[in-house]
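Just so we're on the same page: letters track the sequence lines, and every chain starts at 1.
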Amino acid sequence: VPTPSAILADGTNAPRQPVFTLLLPPPNVTGRLHMGHMLNQTQMDIIVRWHRMRGFLTLWLPGTDHAGIATQMMVERQLAKEGKNRRDLGREAFVERVWEWRREYGGAILEQMKRLGASVDWSREYFTMDENLSRAVREVFVRLYGEGLIYRGKYIVNWCPRCGTAISDLEVKHEETPGKLYEIRYPVAGSKKDFITVATTRPETMLGDTAVAVNAADERYKKLHGKKVLLPLMLREIPIILDELANPEFGTGAVKVTPAHDANDFQAGLRHKLPQIDVMDERGYMNENAGAYAGLERFEAREAVLRDLRTQGLLAGEKDYVVPIGKCERCRTIVEPRLSTQWFMAMTKAGRDGSPSLAQRASEAVKSGEIRFTPENNSRIFLQWMENIYDWCVSRQLWWGHRIPAWYCGNSKCREIVVARETPAKCPKCGGRVEQDTDVLDTWFSSGLLPFTTLGWPEKTRDEEVFYPTSLMITGGDILFFWVARMIMFGCHFMQGHQQDSAIKRLSGFDGRKDDSVPFREVYIHALVRDAERQKMSKTKGNVLDPIQVIEQYGTDATRFTLAAMASPGTDIAFNPKRTEGYRAFANKIWNAARFIFMNVDRAQQAGVWSLKEFCGAGAPARGAVPRTGLSGFQHATLEDRWILSRFNAVAEEMNSALETYRFDEAASRVYDFFWGEFCDWYLELMKPRLAGENGDQAAARAAFGNIVGVFEGALRLLHPFMPFITEEIWHAIYDGKPPAKSI
RNA sequence: AGGCGCGUAGCUCAGUUGGUUAGAGCGCUACCUUGACACGGUAGAGGUCUGGGGUUCGAGUCCCCACGUGCCUACCA
């Protein structure tokens, strides 16, 4: 099959056929194929082959993601084995080392994909750090900065002390963990007896307290309004403030305010112009602002603080309390809210011209049906998230990734920030030396752009007219927000005004859709693959099934068929190899049906009655695939012939409509039941006497054979998207007119 | 704390807008080495559709409650 690129390049440059575009969710370069990938790719491949067979110009674009943190960690581990760390190498050498790593090992997962039969267009393989994609990333950054939608600022971010970088809200996984709620007495300044008791789960942060808040309406604290307290251990006077932050219903109704270590306190701090005292360093150790506790690791500091409070009689109580603890999704380290200067992307800010915010545009695209989700309820999940979204922290304190295209003037009187596509030679304002920001962008920043950057953006290309918007996105619910949401926001923003070639759009079945800026028209969210006991597969549990092992045991076709057959909407897939065993038997059944046919060919040829070529070997098969209305040359001889033909056509219809709605399970079981329960069990059995030339009727035998081959060949077409290997093998054998050489 | 889902045969799951005796695969039982296939064939056993209430001529399917279970989102110290 010629690739779409070849077809576009063949001179006509204007395909008059429907187009189907699918972007492969790029696996991490560091990744190894897991069952989730296999499910995802099987479903994509089924849809892609099905479209190709129906005459769509089909582009399935593969690639890999540079996966900032994951890849950097992997190479750092490698370095650690040599007794080195990245700082020993320096930035440039380290990044070169990562490139080396990727050149050597980065293609592993794509090689594994090939074994699944994924029929992607390898000629268009991309990597998210390719030069053209990197250029597009800078373009996007510069434009958004110019529009005021990317900004730099000092805010509380989620900080992973182990990875040493800020991470986004989505990279924090919350776990309800049994902990303690401590009540601490803060002495009121100028009084010997009065205390105000605050409640906290993180006592060590009190070292950075700059106020205590009570609710203005709280009668208990009326007499303390306007007073100060003496912060224990640090012996610093801090004010009692009135703020909504304090909920009279919770704890003691008084809350300590630590603007540098808590997002709520940070906001309260801004409202009351409180100082921000950062008491920790980037590794989670107490810094010089923590007085006597400086140098202690944060949880050691907690113990030390509690011990000292106890000795001073200031620990009023401790209760068991379930605390939702945020952990770094990558290394499970407890995340620290940290005050830090980072780059953010504004999610809810309207454009300068009053145009809707990124989040609002994305919501509208889904609400209006320009992007449709399957299963449908995912659109509600999506919209709910969009409505509660916060600005996205896009900078990471890493070395591997797209470096932020911002330069700072070193002249202390100037301090100009230059955001530019190319490295500026000098500060455009004062002519001083400029230095580039040391941070890189969140990995999802570049992957969010892929639907258009892989098609040539920012250049205007024919590719873009033909293939954008992509037709479908198939992915897991786990990256709905990480990736799908970001693609929608970026796509709607940067492709605004884009028009897909109208003839192609009509032919492809998207004529009714008005908005061609969306990155894809349909989203299919697939289920999670679990083990046979419905447990989530995880390395620690040791229940991870390696797809390569499974396919080596049962065959790729059987494994693919299992995943398709079990992909019913709304439920996770409990992958049970027993089921795969059953589908291996099915593959065997197909093989044996083929053997039966070739056995009859042999017999007929020996008798000189006919050859297989007469039935289907003459010339190339008709293009366009799943036959809807019968097979050419089929002879409606008898009741059973007419019956199998009507069943065949009904099944083909049913499969088509099942696949229209991504009901892989239904399509799979339809063809399974038809092939085994009807074609093999009944039709072949009924035909045996006629095939054998019953009553010496060779004409009837000949017609019988032709009909069998016809239905069988059609069934192979129905099966092909699901089981590409066995069907291709047999199909070629039929057209070559000789049995396949291999045995099962 | 909010949101989303699931609970149907021993096991894993179908059951699309409510409509005759609720289906499949695996497992189980009996028989069959029939010239494609024992990874096969034929026949069969097995379910008060988690529980309770409601709507309806009619509910596995719709509504409410309870229980069990899974996931996602979340700055109440």
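In this entry the distance linking CD of Glu666(A) with P of G23(B) reads 17 Å, nearest Å. As rounded to whole Å, 18 Å separates atom C1' of A24(B) from atom CZ of Phe674(A). The distance from atom CG of Asn592(A) to atom C1' of C39(B) is 9 Å, rounded to the nearest whole Å. As rounded to whole Å, 20 Å separates atom P of C72(B) from atom CH2 of Trp483(A). Per the geometry, CG belonging to Asp673(A) stands 8 Å off P belonging to G25(B), to the nearest Å. The distance between atom CG of Asp681(A) and atom C1' of A36(B), rounded to the nearest whole Å, is 12 Å.
Residue Asn377(A) is in sugar-phosphate contact alone, with no base atom involved, counting any heavy-atom pair closer than 4.0 Å across all strands shown. Here Trp676(A) lies in heavy-atom contact (under 4.0 Å) with sugar-phosphate atoms only. Looking at heavy-atom distances under 4.0 Å, Lys256(A) makes no contact with the nucleic acid at all. Among the heavy atoms of the strands, none lies under 4.0 Å from Gly555(A). Looking at heavy-atom distances under 4.0 Å, Glu654(A) makes no contact with the nucleic acid at all. Here Arg202(A) lies out of heavy-atom contact (under 4.0 Å) with every strand. Residue-level contact check: Tyr321(A) touches the backbone only, with heavy atoms under 4.0 Å from sugar-phosphate atoms and none from bases. Among the heavy atoms of the strands lying under 4.0 Å from Phe481(A) are primed sugar atoms or P, OP1, OP2 only; no base atom is included.
Under the ring pair (Phe, Tyr, Trp, His ring centres under 6.0 Å) criterion, Tyr186(A) pairs with no residue at all, not counting sequence neighbours. Considering only residues two or more places apart in sequence or on other chains, His272(A) meets the ring pair (Phe, Tyr, Trp, His ring centres under 6.0 Å) condition with none of them.
Rounded to the nearest Å, the gap between the P atom of U8(B) and that of A14(B) is 10 Å.
Within 3.5 Å, a donor on the side chain of Glu685(A) pairs with an acceptor on the base of A36(B), or the reverse.
At least one side-chain nitrogen or oxygen of Lys173(A) sits closer than 4.0 Å to the OP1 or OP2 atom of U73(B). A close approach under 4.0 Å does not occur between any side-chain nitrogen or oxygen of Lys578(A) and OP1 or OP2 of A24(B). For U16(B), the OP1/OP2 oxygens have no side-chain nitrogen or oxygen of Arg670(A) closer than 4.0 Å.
In this structure, Glu204(A) does not pair ionically with Arg298(A), as no charged nitrogen and carboxylate oxygen lie closer than 4.0 Å.
For Phe586(A) and Ala246(A), each mapped to the nucleotide of RNA chain B holding its nearest heavy atom, the one lying further toward the 5' end belongs to Phe586(A).
Exactly one residue among Thr556(A), Thr562(A), Leu563(A), Thr559(A) makes a side chain to side chain contact (heavy atoms under 4.5 Å, CB included) with Val550(A). That residue is Thr559(A).
Using a 30° and 60° split on the angle between ring planes, Phe664(A) and Tyr524(A) fall in the perpendicular class, above 60°. Using the six-membered ring where Trp is involved, Tyr583(A) and Tyr672(A) have ring planes that are perpendicular, over 60° apart on the 30 and 60° scheme.
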### Message
Let's go through Lys367(A) and Ser379(A) carefully: what are the C-alpha distance in whole Å and the side-chain angles of both, what is the deciding distance for side chain to side chain donor-acceptor pair (under 3.5 Å) to 0.1 Å, and is it a yes or a no?
### Response
CA-CA 8 Å; Lys367(A) 278 187 198 155; Ser379(A) 60; over 6 Å; no
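For RNA chain B, the stems formed by at least three consecutive Watson-Crick or G-U pairs, with both atom-pair distances below 3.5 Å, span B:1-7 with B:67-73, B:10-13 with B:23-26, B:28-32 with B:40-44, B:50-54 with B:62-66.
For the pair Arg185(A) and Phe195(A), the cation-pi test (distance below 6.0 Å, angle within 45°) is passed.
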